[in-house]
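Below, read A as the first sequence line, B as the second, and so on, with proteins coming before strands; counting in each chain starts at 1.
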Amino acid sequence: MLVFPSLLLAPSKLGWSIAGTPITGGQPVSGPSYDGDLSGGGWWEVTHEISRVARISQIRMWRAVAAQLKNGATPISVPVIDWGQPWPNGAPQAQPLTTFSDGSTYSDATRIFSNTIDASLVGDTALRSVSAVVRIAVGADLQGGEYFTLVGNTGWPRLHVIGSAVKQADGTWSVSFLPPLREDYVDGTEVDFQRPRCAMKLDSRAISSVWATMEAPFFSKPSVTFRETFPS
Amino acid sequence: MSFQGDRLRVAWFMYLQATPEVRIWTGVGDFRLPADYVDTAGGIYKGLGIFVSLTELKVPINGHFAQHELTLACPDAKALALVNADRASLRYANVSVGLLELDENYQPAGPVSWLWDAVCDGPRTSRKGQSANAVRTIGLSCAAGETQRKRAPLSRWTGIDQRLRSADDAFCDRVNLYDAGTTETWPN
């Protein structure tokens with residue numbers, strides 16, 4: 001799946017939200033109106049506003065991304081830019097390259113790259129659950145508000161955000177999150193705190209703003225809105 | 001169904017008994033329902049904005065015919081695939097519409113209440129609006145299952161009808177002389 005180059009474009013405004021479908025029952029005779037929601041949990045939407053795309057390499061990249069999005073036909077993995085993840089030392093950092101346990105490397109002296117944060121699901125977790133048990137092998141304590149991504153059998157990354165996290169006696173975390181799980185996940189599925197991202201597509205209402213409009217002297221301020229997408 | 005709490009969360013489900021079955025709901029993503037008396041196999045209901053409108057669900061009383069159109073969004077192959085079931089099996093297929101109450105965690109607060117059953121006539125596509133703002137939908141025309149499209153067999157005070165009720169009753173035999181110039185309304 002394509003990956004949206006959020007970091008290379010440095011958006012000046014970035015808003016992730018869970019959209020829903022509110023309905024109301026109208027104004028009652030007395031008292032506040034009764035409202036509800038039909039979406040069954042909502043879906044992710046994100047808007048990137050890029051303040052300045054000026055270097056020709058950036059402009060070319062932007063045009064290439066716009067072309068590959070194919071006006072919304074192509075799903076794209078949109079990364080979350082965030083610093084609130086449970087980094088082991090409290091700050092984003094690169095994981096040093098490691099070797100095998102006996103100190104050896106691959107035959108061409110390449111070492112092993114791995115995620116800084118290591119977390120996984122404990123127990124099978126069913127479609128549409130809003131709670132799960134997470135084991136964090138390497139990483140800081142959860143505080144709520146962290147994003148994480150799960151990738152299941154369909155291969156589509158799904159973004160979730162933690163509402164509450166309670167440490168249990170055995171060291172695992174009982175977490176609640178939104179939106180509800182999009183598919184079944186088996187015991188041991190990686191809970192990706194390192195690179196939270198979501199399978200999305202270009203929002204059709206925002207197609208025209210994706211194509212960069214050049215302003216004098218030679219820069220552009222494009223914006224792009226994605227919403228969560230699902231395989232048919 | 002209790003409808004507790006101030007914030008009502010419901011989801012509508014539609015089960016179309018064609019070949020293959022069509023299962024959709026009003027929410028986002030997949031929703032797994034267990035087997036029940038309507039959807040005897042149970043399965044995954046597909047969501048994300050496919051359900052565009054659910055008209056007023058009417059139940060005909062005393063033989064009035066009610067036609068409903070369930071509207072599904074159809075901008076892409078995803079929704080089209082839903083009604084791309086065998087068209088022959090769509091005709092007269094049973095459609096059921098049910099309501100499910102969700103709790104504050106979006107989990108089912110009980111079984112689906114299947115409120116309404118109908119028989120499907122067949123899908124038709126429609127397109128409204130111009131170029132960039134065109135809206136393309138699939139309409140599923142359905143008849144509420146309680147009636148057929150005809151009158152009760154014995155609904156007139158005519159000699160023929162009266163002799164069907166009672167073979168030797170000549171009470172209405174001369175009605176034909178009264179009603180020169182009237183036309184029986186369709187459907188008959």
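Neither the backbone nor the side chain of A/L181 comes within contact range of chain B, judged by heavy atoms closer than 4.5 Å. There is no contact between A/S176 and chain B, counting heavy-atom distances below 4.5 Å.
Judged by distance alone, with hydrogens and angles left aside, the side-chain atoms of A/E183 form no donor-acceptor pair with the main-chain N or O of B/D30 at under 3.5 Å.
In this structure, A/N153 places its CG atom where only 12 or fewer heavy-atom neighbours from other residues, nucleotides or ligands lie under 6.0 Å away. More than 12 heavy atoms of other shown residues, nucleotides or ligands fall within 6.0 angstrom of atom CZ in B/R163. The number of heavy-atom neighbours closer than 6.0 Å to CD of A/Q168, taken from other residues, nucleotides and ligands shown, is above 12.
Judged as a side-chain contact (heavy atoms from CB on, under 4.5 Å), and not counting sequence neighbours, the contacts of B/V38 are B/Y15, B/D36, B/S96, B/W114.
Taking all atoms of both residues into account, the shortest heavy-atom contact from A/R128 to B/Y106 is NH2-O, 3.3 Å. Taking all atoms of both residues into account, the shortest heavy-atom contact from A/W43 to B/V28 is CE3-CG2, 3.3 Å.
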